[in-house]
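Please read the structure below before turning to the comments.
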2 protein chains.
Amino acid sequence: MADSTTKRVTSADVARLAGVSRATVSYVLNDTPRQTISAGTRDRVRDAAAQLGYAPSAAARTLRTGRSDVVLCLLPDWPIGPEVGSNLGHLSTALARHGLTLVVHPGNREDRPIAELWKAITPAAVIAYTGFSDAEMAAMRSAGVSLVVALSRRDRGRELAVPQELVGRRQAEHLAQAGHSRLGYAYPDDPRVRFFAEPRLAGVRGACAARRLPTPVGLTVPLDPAAASEAVRRWQATGVTAVCAYNDEVALAILAGARRAGVAVPGELAVMGVDDIVPARLADPPLTTVTTDQAVVAAHLAATVVAAMNSRAAPTLPAADIVRVVSRESA
Amino acid sequence: MADSTTKRVTSADVARLAGVSRATVSYVLNDTPRQTISAGTRDRVRDAAAQLGYAPSAAARTLRTGRSDVVLCLLPDWPIGPEVGSNLGHLSTALARHGLTLVVHPGNREDRPIAELWKAITPAAVIAYTGFSDAEMAAMRSAGVSLVVALSRRDRGRELAVPQELVGRRQAEHLAQAGHSRLGYAYPDDPRVRFFAEPRLAGVRGACAARRLPTPVGLTVPLDPAAASEAVRRWQATGVTAVCAYNDEVALAILAGARRAGVAVPGELAVMGVDDIVPARLADPPLTTVTTDQAVVAAHLAATVVAAMNSRAAPTLPAADIVRVVSRESA
DNA sequence: CTGTTAGCGCGTTCAC
DNA sequence: GTGAACGCGCTAACAG
């Protein structure tokens with residue numbers, strides 16, 4: 001059993017207990033290739049390590065190798081929804097399977113220039129929601145960060161944008177199949193999330209074009225019943241019968257706006273969200289929405305990171321059934 | 001301007017450029033007390049550092065001092081809401097003001113035993129939503145973690161529970177002032193969040209007792225309209241006219257259940273949530289809820305961490321106006 | 001006062 | 001399988 005009350009256990013302690021040198025401990029514990037070590041010794045070392053509750057110091061390891069096994073995820077400074085939470089959970093699990101530790105930094109960039117952050121942490125990879133400038137990318141690369149990934153459009157090097165277009169496309173397809181031809185698109189009010197909204201709208205547009213439907217009419221919908229009812233009225237005036245919302249919150253706002261405007265959902269206006277947050281299924285009417293299979297995306301992200309660390313090519317995302325429609329009553 | 005394309009800049013580089021020794025660089029950059037260094041030299045060093053874009057290696061510094069300036073926050077394995085996100089944002093900002101970096105780890109404890117995590121990271125402090133066992137606490141302490149804080153009830157050493165009772169109390173007070181006397185309490189379905197639910201219920205109970213009202217009748221409310229309507233019926237049968245929900249999602253479920261059961265809100269049943277999530281104000285009727293001033297709590301948490309690192313006494317949380325009722329139509 | 005020299009902390013890895 | 005040097009910043013001891 002591990003002795004919990006002692007000072008930090010170092011590899012020297014393990015070496016002493018196992019009766020070997022520190023080098024040997026390192027070789028055994030890291031399964032170093034082309035170092036032949038007898039099975040007996042290996043066992044003694046491993047036992048000793050277990051007995052002492054040895055965990056190598058990340059600091060020392062990082063110092064020596066110049067690279068830590070930490071993957072840094074920079075959260076955007078705009079309000080994040082609950083999807084992000086589960087997202088990160090999945091990602092953490094997926095990375096852990098590869099021996100990597102996910103660490104998330106929620107700070108606005110104001111707190112501390114992000115440069116300081118990665119110079120300090122020396123992460124193996126950096127994943128960010130927002131894009132980096134080319135200068136930032138270059139700086140990070142040359143500082144030893146093996147992979148820089150942006151989840152938004154602007155990622156130059158590695159392509160990795162979560163299939164946002166796909167999200168929009170699924171929405172439009174669902175609505176088109178239900179017989180709607182004049183679609184609306186509901187933009188979020190916050191300009192900071194345009195990064196995500198744009199590709200989704202592009203997906204909707206693409207689907208419309210493919211089916212020779214008119215271009216969707218986009219409106220910005222604040223998360224406020226009064227303002228939303230105004231948008232609803234304008235859509236009605238344009239002959240729009242169904243709208244794709246940027247996400248569930250915006251969709252909920254439209255529901256509230258429709259209620260206020262006396263417009264029946266889905267009778268007079270069908271509404272679709274994105275994310276399938278809990279309130280979506282509790283809404284009136286229950287909201288039809290679209291979800292992304294987080295586990296698959298997370299696994300892919302993890303695989304991409306691992307590939308980059310070994311400078312191998314990035315895997316391709318199995319785009320198949322990642323985005324699914326959750327059909328309820330609003331559309 | 002910083003040269004972005006070079007290999008990592010070390011203190012030796014700065015020393016060379018400034019024409020001093022590495023020790024001097026360290027003294028200057030850390031404002032080491034009882035080391036007097038001429039203004040001129042200080043400037044040269046600082047200029048050199050700025051010019052090179054020098055940022056000390058966290059690894060080396062941690063290795064040497066045995067303690068990093070990272071504060072590790074362990075997320076619970078139960079689904080986290082959006083409040084948590086803003087929570088962490090505030091906390092990060094507050095800690096940054098003290099030169100500390102917040103880092104969040106979302107993994108379920110299954111991924112990787114948490115012991116490995118902090119043995120590896122050597123954080124200055126660990127903040128967790130769930131409690132630790134006494135053994136875990138002891139182990140962390142002796143490994144150099146200066147503060148272990150649990151946001152739930154069980155925190156032995158440092159008292160720091162976010163004022164959950166206060167949340168419940170405010171709910172009950174608001175309802176009582178509105179003339180309700182028979183209150184209900186809506187438990188979340190997920191047993192993992194009982195940690196948070198219990199103290200809130202205790203707050204409700206306390207407020208009721210103080211006003212000689214009957215004990216609130218607690219029911220578990222799944223996040224599902226059908227199940228929720230069943231709960232609503234049972235409350236009605238018991239003469240309950242107002243219910244405090246564990247959080248907004250549960251409250252939304254009650255709203256959906258009431259709709260289904262044909263019970264008018266707030267006419268026949270008043271409902272209050274907690275958190276003021278966006279869907280709350282978009283609900284039908286708009287949800288009356290209770291919010292906590294995250295910025296204040298975050299600042300307090302940060303102050304507590306800093307105090308502990310300097311082994312000073314923890315500050316007391318200004319419990320005054322931290323919890324506020326957001327009055328809308330559901331109660 | 002001002003600033004330098006030297007060794008530590010801990011895991012990794014090359015040469016013997 | 002081992003000895004020893006290395007990576008980088010901190011700080012006690014010490015010299016102008």
Side-chain angles (χ1 to χ4, degrees), chain A residues 6-46 48-49 52-70 99 116 119-122 143-144, chain B residues 6-46 48-49 52-70 99 116 119-122 143-144:
Chain A
T6 347
K7 292 300 161 205
R8 174 151 206 139
V9 178
T10 77
S11 85
D13 298 321
V14 177
R16 207 170 304 125
L17 182 57
V20 296
S21 71
R22 288 168 54 221
T24 305
V25 171
S26 177
Y27 290 138
V28 171
L29 265 28
N30 295 328
D31 278 322
T32 307
R34 62 178 75 263
Q35 276 293 334
T36 37
I37 294 187
S38 73
T41 305
R42 301 181 92 86
D43 287 348
R44 291 214 319 286
V45 170
R46 277 198 243 270
L52 298 173
Y54 170 71
S57 146
R61 170 182 263 142
T62 300
L63 181 55
R64 178 61 228 212
T65 62
R67 176 166 294 96
S68 72
D69 62 353
V70 165
E116 287 224 353
K119 275 187 189 171
I121 306 262
T122 326
Chain B
T6 346
K7 291 300 159 204
R8 174 152 205 137
V9 178
T10 78
S11 86
D13 299 320
V14 177
R16 207 170 303 125
L17 181 58
V20 297
S21 72
R22 288 169 54 221
T24 304
V25 171
S26 176
Y27 288 138
V28 171
L29 264 29
N30 296 329
D31 277 322
T32 307
R34 63 177 77 263
Q35 274 296 330
T36 42
I37 293 185
S38 71
T41 306
R42 299 180 93 85
D43 287 348
R44 291 213 320 286
V45 170
R46 276 199 246 270
L52 298 173
Y54 169 70
S57 144
R61 172 181 259 142
T62 301
L63 181 56
R64 178 61 229 214
T65 64
R67 174 165 296 101
S68 72
D69 62 353
V70 166
E116 287 225 354
K119 275 186 190 172
I121 306 263
T122 327

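Labels below follow one simple rule: chain letters A, B, ... track the order of the sequence lines, proteins then strands, and each chain is numbered from 1.
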Please work out if [X] contacts a base, only the sugar-phosphate, or nothing of the nucleic acid, heavy-atom cut-off 4.0 Å.
X	answer
Thr41(B)	sugar-phosphate
Arg64(B)	base
Thr24(B)	base
Ser26(B)	base
Leu63(A)	base
Thr62(B)	nothing

Atom [atom1] of [X] and atom [atom2] of [Y]: how far apart are they, to the nearest 0.5 Å?
X	Y	atom1	atom2	result
Ile37(B)	Asp31(B)	CD1	CG	9.5 Å
Thr24(A)	Arg42(A)	OG1	CZ	10.5 Å
Ser57(A)	Arg64(A)	OG	CZ	14.0 Å

Can you figure out which of [options] approaches the side chain of [X] most closely?
X	options	value
Arg61(B)	dC1(C), dG11(C), dC10(D)	dC10(D)
Thr65(B)	dT2(D), dG9(D), dC10(D)	dC10(D)
Ser11(A)	dT2(C), dC8(D), dG11(C)	dG11(C)
Ser38(B)	dC10(C), dT2(C), dT13(C)	dT2(C)
Pro56(A)	dG11(C), dT5(C), dT12(C)	dG11(C)

Can you tell me how far [atom2] of [N] sits from [atom1] of [X], to the nearest Å?
X	N	atom1	atom2	value
Arg22(A)	dG1(D)	CZ	C1'	15 Å
Asp43(B)	dG3(C)	CG	P	12 Å
Ile37(B)	dC10(D)	CD1	P	13 Å
Asp69(A)	dT12(C)	CG	P	11 Å
Leu29(A)	dG11(C)	CG	P	10 Å

- Query: Which of residues 12-20 of chain B have a heavy atom under 4.0 Å from DNA chain C?
  - Reply: Val20(B)
Determine: side-chain N/O of [X] to OP1/OP2 of [N], distance under 4.0 Å, yes or no.
X	N	value
Ser21(B)	dT4(C)	yes
Asn30(B)	dG9(D)	no
Thr36(B)	dC1(C)	no

- Donor/acceptor link under 3.5 angstrom from Tyr27(A) side chain onto base of dC14(C): yes
- Message: Looking at Arg22(A) and Ala12(A), would you say the former's side chain and the latter's main chain have a donor-acceptor pair under 3.5 Å?
- Response: no
- Of Arg42(B) and Tyr54(A), the one whose closest DNA chain C nucleotide lies more 5': Arg42(B)
Heavy atoms only: give me the nearest [X]-[Y] pair and the separation to one decimal.
X	Y	value
Pro56(B)	Arg61(B)	CG-NH1, 3.5 Å
Ala49(B)	Leu29(B)	CB-CD2, 4.4 Å
Val45(A)	Val25(A)	CG1-CA, 4.0 Å

- Note on the structure: Residue set satisfying side-chain hydrogen bond (donor to acceptor under 3.5 Å, both in side chains) with Arg16(A), at least two apart, ordered chain then number -> Asp13(A)
